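First the proteins, then the strands, lettered A, B, ... as listed; each starts at 1. None of the values given here were measured: they were computed from a predicted structure.
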There are 2 protein chains.
Amino acid sequence: MEKQTITIYDVAREANVSMATVSRVVNGNPNVKPATRKKVLEVIDRLDYRPNAVARGLASKKTTTVGVIIPDVTNMFFSSLARGIDDVATMYKYNIILANSDENSQKEVQVLNTLLAKQVDGLIYMGHDISDSIRQEFSRSKTPIVLAGSVDPDEQVGSVNIDYVAAVEAATTRLIDSGNQKVALVTGPLAQPINGQYRLQGYKQALAKAGLAYDESLVFESEASYHAGLAMFKQLQKAGATAALVGDDELAFGVLDGALDEGISVPADFELITSNNTKLTEMARPQMTSIDQPLYDIGAVAMRLLTKMMNKEDIDAKTIRLGFDITTRKSTK
Amino acid sequence: MEKQTITIYDVAREANVSMATVSRVVNGNPNVKPATRKKVLEVIDRLDYRPNAVARGLASKKTTTVGVIIPDVTNMFFSSLARGIDDVATMYKYNIILANSDENSQKEVQVLNTLLAKQVDGLIYMGHDISDSIRQEFSRSKTPIVLAGSVDPDEQVGSVNIDYVAAVEAATTRLIDSGNQKVALVTGPLAQPINGQYRLQGYKQALAKAGLAYDESLVFESEASYHAGLAMFKQLQKAGATAALVGDDELAFGVLDGALDEGISVPADFELITSNNTKLTEMARPQMTSIDQPLYDIGAVAMRLLTKMMNKEDIDAKTIRLGFDITTRKSTK
DNA sequence: TGCTATACTAAAAACGATTATGAGCAAAAA
DNA sequence: TTTTTGCTCATAATCGTTTTTAGTATAGCA
């Protein structure tokens, strides 16, 4: 128990150079003679010196850390995004401060502020609902921000997503084309733009193109949980729906099991398309047909976009729209 | 676009006090006259001052940040732990730096080092496999560390887990008691202590107590994925197993669907118990009986233990063993 | 009135890096 | 030989806090 922390100053002294030189070799600055560099590296190794990132952050005003606000890590949709984010973050030598928000705007604002206090170089925000309070915080912050997997109606900040309108329209059309007159739409709160604006719009467009009337009683709001889906099926049945487009995989899994538990055969008597194409879609029996959002990629691209913003590189477009697909499995005819 | 960052010095000047005084009111130090405190708070509010956590971290040598090493956020088992960790972390005003390791020891060591460079106040490590390299890093680090959901054979660091031996023994016994002569054990790599030592031991104990011979051909190693489970079932069948204890829910889900896909009826012709009691167990049809590890709690307790260590409080026990249960559902008779 | 105790506040020194600025020196050019 | 050029490297300022040290003002007391 001899020494405490060993600092750049210690290695400078041991190596008979100045701290500036040590700093240079640590940071790979080329202005160091190979012999000197070697000497310094040896001392670093011998002393087991590890640069203090906090001090470095203070001096350089860069923390190589980005904040990630996530509704709930436990939700496969978001954790898939998070995985993409983390992978490209480490690729670019950034670390991730992860904070769960429960999509509660008060918590979000608070979290955002502690993240900014910690001087993160950038922020990634996940969550469908961009409350006014958080939007306000966004706009007065100088820190680069990008939204992953959700849409920013006024394009203040960067965002990466898919064309939800088109995706839902395509999926709904598929359901209509296979003979369903009454296709239900089951999503999260319509107050959230992704549901109330985009998904609903896509749904209506599909209906309109097929010459079907829009029937409000076929639109269901629900939290995104398995149990909610289980309970939901009876309502769908009551409303006379013979097919449903569901906005979340867990929820869809619930609806599916709800149907099965009622003795309804899927897809023969009830067809279902879900939206996120997580692993869950393959675990269900029958496996679920799904809109295929490239979740991992959305996260990865969002982080990549953020790195560009942090580097002050030119961005062609703040909003990146990735392609989607519909993966056909066994829950549709 | 007038001012850059506003510092403690600015508010001191505006409020006609010293920076030390501002520091005191920000940190809730009682040695400040109420009137002064009020005045300072007003200025802070007016200038929209936000303390720089990096500078604070440098000066105080505390970052109120803990590092969390996780194999994969996308795995429900670990994300459940992570959620517990994050919740109590925020409760104690800590933030979480989350890093995926893929249970790759090289990555782990690297991640650990960058975390330490960032001066985290503590570390939580998840993962079944504690490689020698990581163990070595642990032992020469002065930073408090606790393991969540895994066992430390030499109790160098803190850890929170359940009694895996007893849990597996109980589950296996259950399977034997319901008439199965050939119970398979399906887990991750036996090289990992949790599998090769604890689970296997529990399994053997159950066998021994029931007077059954241990048959190596009934023990299967597998990665913890749904697809691996799907493929695994045929092997179980070939080995003549009529029941299985599976170490991971996704894997178990795969085994279950594998059985179903083969036309085997569960639990009539094949019984199954899984180990983690994640949401998945309820989604399966039939729902899966499971050892019930309190995942969220393990995470939460681990973080709580870590806070105590970081505060240098006395710890009664570095290893905390939580209780477990077996939740009976429909995959057992 | 003078002295001590009390209650705060001010100034300055860390904390451990980064980064201008410019000095020293050898090689090249004049 | 002298001047210029180009590398290397050292000095010192700076980043925004916390924390220690040294006060100062007020009040209490004899």
Side-chain angles (χ1 to χ4, degrees), chain A residues 3-41 43-44 47-65 93 114 116-121 142-143, chain B residues 3-41 43-44 47-65 93 113-114 116-121 142:
Chain A
K3 59 154 188 344
Q4 312 293 52
T5 43
I6 99 110
T7 76
I8 197 174
Y9 180 78
D10 297 318
V11 353
R13 178 169 32 72
E14 285 290 314
N16 287 311
V17 298
S18 75
M19 6 186 324
T21 303
V22 176
S23 174
R24 277 188 214 97
V25 352
V26 167
N27 294 301
N29 183 313
N31 284 2
V32 180
K33 201 166 21 175
T36 313
R37 178 186 304 279
K38 184 153 171 292
K39 182 175 58 175
V40 172
L41 285 176
V43 175
I44 286 180
L47 265 38
D48 198 23
Y49 165 70
R50 175 189 293 135
N52 180 324
V54 172
R56 188 201 301 243
L58 180 58
S60 68
K61 293 175 166 305
K62 289 191 177 151
T63 53
T64 60
T65 301
K93 314 265 184 222
T114 84
L116 291 176
K118 295 223 165 155
Q119 313 298 118
V120 294
D121 295 336
K142 201 67 186 113
T143 308
Chain B
K3 56 150 189 354
Q4 312 293 55
T5 43
I6 98 112
T7 77
I8 198 173
Y9 181 77
D10 297 318
V11 353
R13 178 168 34 70
E14 286 289 316
N16 287 310
V17 297
S18 74
M19 17 188 311
T21 304
V22 177
S23 174
R24 276 187 214 98
V25 352
V26 167
N27 294 301
N29 183 312
N31 284 3
V32 180
K33 202 165 23 176
T36 312
R37 177 186 305 278
K38 184 153 171 290
K39 181 175 58 174
V40 172
L41 285 175
V43 175
I44 285 179
L47 299 185
D48 198 23
Y49 164 69
R50 177 189 292 134
N52 179 323
V54 173
R56 190 201 299 247
L58 180 57
S60 68
K61 293 173 166 307
K62 291 194 176 151
T63 53
T64 60
T65 301
K93 314 265 185 224
N113 277 309
T114 85
L116 291 177
K118 295 225 165 153
Q119 312 298 117
V120 294
D121 296 337
K142 199 68 188 118

Exercise. Atom CZ of Arg24(B) and atom C1' of dT19(D): how far apart are they, to the nearest Å?
Worked result: 9 Å

Exercise. Given atom CG of Asn31(A) and atom P of dA20(C), what is their separation to the nearest angstrom?
Worked result: 13 Å

Exercise. Nearest-Å distance, CZ (Arg56(B)) to P (dG16(C))?
Worked result: 18 Å

For this session: Could you please name the option among dG16(D), dG16(C), dT18(C) that lies closest to any side-chain atom of Met19(A)?
Result: dT18(C)

Exercise. In whole angstrom, what separates Arg13(A)'s CZ from dA17(C)'s P?
Worked result: 13 Å

Exercise. Just checking Asn29(A): base, sugar-phosphate only, or nothing, at a heavy-atom cut-off of under 4.0 Å?
Worked result: nothing

Problem set entry | Candidate pair Asn52(B) and Thr5(B), rule side chain to side chain contact (heavy atoms under 4.5 Å, CB included), full reasoning | CA-CA 10 Å; Asn52(B) 179 323; Thr5(B) 43; over 6 Å; no

Exercise. Under 4.0 Å: is that the gap between some side-chain N or O of Thr36(B) and OP1 or OP2 of dC8(C)?
Worked result: no

Problem set entry | Heavy-atom side-chain proximity of Thr21(A) to Ser18(A) below 4.5 angstrom | yes

Exercise. Is there a donor-acceptor contact under 3.5 Å linking the side chains of Thr114(A) and Lys93(B)?
Worked result: no

Problem set entry | Closest to side chain of Thr21(A), choosing from dG16(D), dC9(D), dA17(C) | dC9(D)

Exercise. Within this structure, what is the CD1-to-P distance between Ile44(B) and dT17(D), rounded to whole angstrom?
Worked result: 10 Å

Problem set entry | Nearest-nucleotide pick for Ile8(A), side chain only, options being dT18(C), dG16(D), dT9(C) | dT18(C)

Exercise. Lys39(A) NZ to dC9(D) C1': how many Å, rounded?
Worked result: 10 Å

Exercise. Closer than 4.0 Å, any side-chain N/O of Tyr49(A) to the OP1 or OP2 of dA17(C)?
Worked result: yes

For this session: Measure from CG on Asp10(A) to P on dC15(C) and round the result to the nearest Å.
Result: 11 Å

Seminar exercise, completed: Overall bend of the helix from dT1(C)-dA30(D) to dA30(C)-dT1(D) (five pairs an end, 10° steps) is 60°

Problem set entry | Validation row: Val17(A), Val22(A) side chains within 4.5 angstrom (heavy atoms) | yes

For this session: Would you please confirm or rule out a distance under 4.0 Å between OP1 or OP2 of dG16(C) and any side-chain N or O of Lys61(B)?
Result: yes

Exercise. Are Thr65(B) and Lys118(A) close enough that a side-chain donor and a side-chain acceptor fall under 3.5 Å?
Worked result: yes

Exercise. Under 4.0 Å between a side-chain N or O of Ser60(A) and OP1 or OP2 of dT18(C)?
Worked result: no

Exercise. If you check the Lys33(A) side chain, which of dT9(C), dT8(D), dG16(D) turns out closest?
Worked result: dT8(D)

Exercise. Does a nitrogen or oxygen in the side chain of Asn27(B) sit under 4.0 Å from OP1 or OP2 of dT18(D)?
Worked result: yes

For this session: Could you check Arg56(B) against Thr64(B) for side chain to side chain contact (heavy atoms under 4.5 Å, CB included), going step by step and ending with a plain yes or no?
Result: CA-CA 10 Å; Arg56(B) 190 201 299 247; Thr64(B) 60; over 6 Å; no

For this session: Calculate, to the nearest 0.5 Å, the distance between atoms CD and CD1 belonging to Glu14(B) and Ile6(B) respectively.
Result: 8.5 Å

Exercise. Touch check for Val32(A), heavy atoms < 4.0 angstrom, all strands: base, sugar-phosphate only, or nothing?
Worked result: sugar-phosphate

Seminar exercise, completed: By nearest-heavy-atom nucleotide on DNA chain D, the more 5' of Ser23(B) and Ala20(A) is Ala20(A)

Exercise. Does the side chain of Val25(A) come within less than 4.5 Å of Thr36(A)'s, by heavy atoms?
Worked result: no

For this session: Determine the contact category for Arg50(B): base if any of its heavy atoms lies under 4.0 Å from a base atom, sugar-phosphate if only primed atoms, P, OP1 or OP2 are that close, otherwise nothing.
Result: sugar-phosphate

For this session: Rounded off to whole Å, could you give me the CG-to-C1' distance for the Asn52(A) and dT17(D) pair?
Result: 14 Å

Problem set entry | Most 5' of Ala59(B) and Val26(A) on DNA chain C, judged by nearest nucleotide | Ala59(B)

Exercise. Can you check whether Ser18(A) has a side-chain N or O nearer than 4.0 Å to OP1 or OP2 of dA10(D)?
Worked result: yes

Problem set entry | Distance-only polar pair, side chains of Asn31(A) and Arg24(A), donor-acceptor under 3.5 Å | no

For this session: Would you indicate what Val54(B) reaches in the nucleic acid, counting non-hydrogen atoms under 4.0 angstrom: base, sugar-phosphate, or nothing?
Result: nothing

